[in-house]
Student: 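Input: one structure, supplied below.
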Amino acid sequence: MSAPSSKPTVSEREAREVAEAAREQEWRKPSFAKELFLGRFRLDLVHPHPMPSTEAAQRGEEFLAKLRDFCETKVDGALIEREARIPDEVINGLKELGALGMKIDTKYGGLGLTQVYYNKALALAGSASPAIGVLLSAHQSIGVPQPLKLFGTAEQKEAFLPRCARTDISAFLLTEPDVGSDPARLATSAVPDGDDYVLDGVKLWTTNGVVADLLVVMARVPKSEDHRGGITAFVVETNSPGITVENRNAFMGLRGIENGVTRFHQVRVPAANRIGPEGAGLKIALTTLNTGRLSLPASCVAAGKWCLKIAREWSAAREQWGKPLAHHEAVGSKISFIAATTFALEAVTDLASQMADEDRNDIRIEGALAKLFASEQAWLMADELVQIRGGRGFETAASLAARGERAVPAEQVLRDLRINRIFEGSTEIMHLLIAREAVDAHLSVAGDLIDPEKSLTDKAKAGANAGVFYAKWLPKLVAGQGQLPYSYGEFKREVDLSHHLRYVERTARKLARSTFYAMSRWQGRMETKQGFLGRIVDIGAELFAMSAVCVRAELLRTTEDHGREAYQLADTFCHQSRIRIEELFGRLWTNTDDLDRKVVKGVMSGTYVWLEDGIVDPSGEGPWIADATPGPSEKENVHRPIS
């Protein structure tokens with residue numbers, strides 16, 4: 001069998017249609033964030049804060065104690081950073097500990113941890129070495145276990161999950177050299193041939209791919225008389241003939257991750273290894289990511305906690321102009337930001353994770369908001385820590401140690417965190433993804449009105465439906481509990497959080513009004529207003545975080561000894577968040593978006609090429625995008641099984 005030789009060519013509309021077909025169409029469960037974007041503050045969906053069962057908590061705490069001991073005694077993060085590799089004995093130790101099977105059911109040999117404790121474990125392991133956190137997360141959050149858990153057959157689970165729980169490392173392969181967030185152009189093919197499919201193509205940025213034993217591969221099945229075709233998911237054995245790991249990639253951060261380029265040439269995969277039906281691959285990938293994305297906020301929480309610890313210790317030890325560094329307001333404000341934001345990231349991550357465990361709500365938006373908010377804020381916290389540390393923040397830990405000072409890897413954390421704003425959905429893609437879900441209710445009743453492909457009959461029907469919906473919805477955006485001075489009184493203690501929740505309620509209605517006005521103003525062009533949509537989503541993320549911190553503070557007040565301190569942190573975060581929200585609202589309508597578009601046209605047409613004079617470009621020669629033509633590999637296989 002021969003693979004198609006040309007890469008699929010798709011229009012912008014076709015690409016959108018592929019993405020639309022892959023998203024979950026129905027809302028079978030309530031969604032706190034979806035309601036928030038519609039101007040409805042459903043605090044009852046998140047308060048009282050959901051809690052794990054006693055058994056789940058005990059199992060989770062017992063594993064965390066073992067993992068902590070392992071990380072403290074067996075993991076040398078500096079060695080992993082220096083050698084850009086996790087030692088085999090560390091990986092084998094993690095296998096023996098059961099860390100590969102944290103999310104896998106006990107009946108398949110896994111630990112059966114909840115999402116909450118899985119994330120706590122990732123945060124702990126990632127604090128010892130971010131590369132270990134990535135290894136475990138890529139294996140379980142998006143690798144073979146999660147899609148099989150959601151979509152696999154009983155036979156597939158029996159065949160693969162016990163291996164993933166104890167011995168085999170898995171990886172997820174979607175991205176290609178010329179295909180990133182636009183999967184409609186996916187070129188890797190899976191051609192049916194008897195009881196098999198034959199895979200041909202090249203995959204890029206295959207985290208864990210260099211050491212993986214099992215792969216989840218997304219490939220395009222050609223449509224034929226007997227085959228529905230479309231992008232389809234497969235479990236593939238890495239030792240199958242025709243698979244070559246052609247390169248182990250190196251990055252500015254996360255130096256220990258095993259990320260590579262994998263080529264498939266005439267690789268036979270049994271049809272029994274197909275996950276779900278043909279054409280369901282993207283839906284499987286997106287559904288897997290609904291909870292899989294929560295591993296990134298977990299790593300951000302760990303980074304925030306470490307930044308806070310170092311900022312506290314350093315700012316107490318370092319004196320400037322006769323007093324500790326922290327007592328200078330310019331530095332103190334940075335420490336306050338780190339402390340309040342760390343509290344918020346943990347609140348958002350734990351709430352979204354517990355909601356995933358509870359399975360009472362649809363958390364597709366909450367998971368995406370958690371990833372978006374945490375990745376952006378963690379980067380800012382790490383940057384502030386480097387600033388607090390000054391020259392020592394820019395100096396490597398090894399250099400600090402060599403001259404006799406504490407080896408604090410602040411610059412490494414900054415480098416390691418940078419990727420979180422890119423992978424598993426870049427910030428820009430997350431803005432568009434969340435915005436699409438946020439306006440789903442509007443598009444479901446009025447989408448045909450702005451669709452140029454729809455007939456006048458369809459538009460008339462949509463107009464009638466929209467009239468009924470908006471006649472009921474718009475009046476509810478005028479007034480609400482946020483205008484009543486005693487609303488949310490259970491959050492009024494020595495520190496008052498009730499007024500923040502009233503602000504969230506009022507602002508959610510304002511956000512919904514702004515969205516409606518923009519849709520009325522731009523209609524079909526709304527999807528091109530990415531700057532506006534990004535700000536709308538960022539406001540929603542802040543409101544979600546404000547809600548989460550208030551709910552967490554009240555939980556800690558009733559269950560822990562430091563409830564008063566939690567209220568203080570929540571109050572501080574909410575005040576900081578409100579300032580950011582008001583700025584974002586101002587930028588909805590007062591911005592440079594139109595000017596920016598003009599400048600971009602000038603840049604791309606060469607109008608400003610003179611501005612590039614006076615430099616030497618240190619870039620090397622070569623194409624911008626590597627050739628990914630299907631065919632046999634001409635490179636050495638650098639796949640490295642763990643021994």
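What you see below is based on every heavy atom in this structure, not just the backbone, and it leaves out hydrogens, waters and symmetry mates.
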Student: State the OG-CG distance between Ser375 and Leu345, to the nearest 0.5 angstrom.
Tutor: 9.5 Å
Student: Only counting residues at least two apart or in another chain, list the ones meeting salt bridge (Lys or Arg N to Asp or Glu O under 4.0 Å) with Glu554.
Tutor: Arg493, Arg557
Student: Are side-chain N/O atoms of Gln146 and Ser141 paired as donor and acceptor at under 3.5 Å?
Tutor: no
Student: Quick one: salt bridge (Lys or Arg N to Asp or Glu O under 4.0 Å) partners of Lys309, sequence neighbours excluded?
Tutor: Glu313
Student: Between Glu411 and Arg415, is there a side-chain N and carboxylate O pair less than 4.0 Å apart?
Tutor: yes
Student: Only counting residues at least two apart or in another chain, list the ones meeting side chain to side chain contact (heavy atoms under 4.5 Å, CB included) with Glu258.
Tutor: Arg85, Val210, Val211, Arg248, Arg640
Student: Mind checking the CD1-CD spacing from Ile429 to Glu424? Nearest 0.5 Å is all I need.
Tutor: 14.0 Å
Student: Atom OG in Ser31, atom CD1 in Ile365: separation rounded to 0.5 Å?
Tutor: 4.5 Å
Student: In chain order, what residues pass the salt bridge (Lys or Arg N to Asp or Glu O under 4.0 Å) check against Arg564, with sequence neighbours excluded?
Tutor: Glu494
Student: How close do Tyr118 and Leu136 get, heavy atom to heavy atom, and via which atoms?
Tutor: OH-O, 3.8 Å
Student: Got a sec, which pairs hit salt bridge (charged side-chain N to carboxylate O under 4.0 Å, His left out) with one end in residues 322-331, sequence neighbours left out?
Tutor: none
Student: Under the rule for ring pair (Phe, Tyr, Trp, His ring centres under 6.0 Å), what residues qualify as partners of His327, not counting sequence neighbours?
Tutor: none
Student: Using the salt bridge (charged side-chain N to carboxylate O under 4.0 Å, His left out) rule, collect all pairs that involve residues 568-583, keeping only residues at least two apart or in two chains.
Tutor: Glu542-Arg580
Student: Out of Met430, Arg421, Lys371, which one pairs with Glu376 under the side-chain contact (heavy atoms from CB on, under 4.5 Å) rule?
Tutor: Arg421
Student: Tell me, please, which residues at least two apart from Lys34 pass salt bridge (Lys or Arg N to Asp or Glu O under 4.0 Å).
Tutor: none
Student: Between Glu96 and Asn92, does a side chain to side chain donor-acceptor pair (under 3.5 Å) hold up when you go through it step by step?
Tutor: CA-CA 6 Å; Glu96 293 171 8; Asn92 287 326; over 6 Å; no
Student: Taking the six-membered ring for Trp, are Trp589 and Phe532 parallel (under 30°), tilted (30 to 60°) or perpendicular (over 60°)?
Tutor: tilted
Student: Classify the angle between the aromatic ring planes of Phe373 and Phe573 as parallel (below 30°), tilted (30 to 60°) or perpendicular (above 60°).
Tutor: perpendicular
Student: Going by side chain to side chain contact (heavy atoms under 4.5 Å, CB included), name the residues that satisfy it together with Asp416, two or more places apart in sequence or in a different chain.
Tutor: Pro130, Leu254, Gln412
Student: Could you check Thr572, Ile338, Leu569, Val301 and say which one makes a side-chain contact (heavy atoms from CB on, under 4.5 Å) with Phe343?
Tutor: Leu569
Student: Could you pull out all residues at least two apart from Asn259 that satisfy side chain to side chain contact (heavy atoms under 4.5 Å, CB included)?
Tutor: Trp205, Thr207, Asn249, Phe251, Ile257
Student: More than 12 heavy atoms of other residues, nucleotides or ligands under 6.0 Å from NZ of Lys305: is that the case?
Tutor: no
Student: Checking side-chain polar atoms at under 3.5 Å, does Ser399 have a donor or acceptor matched by the opposite partner on Arg403?
Tutor: no
Student: CZ of Arg597: more than 12 outside heavy atoms within 6.0 angstrom?
Tutor: yes
Student: What residue pairs, at least two apart or across chains, pass salt bridge (charged side-chain N to carboxylate O under 4.0 Å, His left out) with a residue in residues 543-553?
Tutor: Glu346-Arg552, Asp350-Arg552
Student: Return yes if a side-chain donor-acceptor contact under 3.5 Å exists between Gln387 and Lys334, otherwise no.
Tutor: no
Student: Does the pair Asp593/Arg535 count as a salt bridge with the N-to-O cut at 4.0 Å?
Tutor: yes
Student: Going from CH2 on Trp306 to OG on Ser127, what distance comes out if it is rounded to the nearest 0.5 angstrom?
Tutor: 11.0 Å
Student: Among residues at least two apart in sequence or on other chains, which ones pass side chain to side chain contact (heavy atoms under 4.5 Å, CB included) with Leu501?
Tutor: Phe41, Leu43, Tyr488, Phe491, Cys550
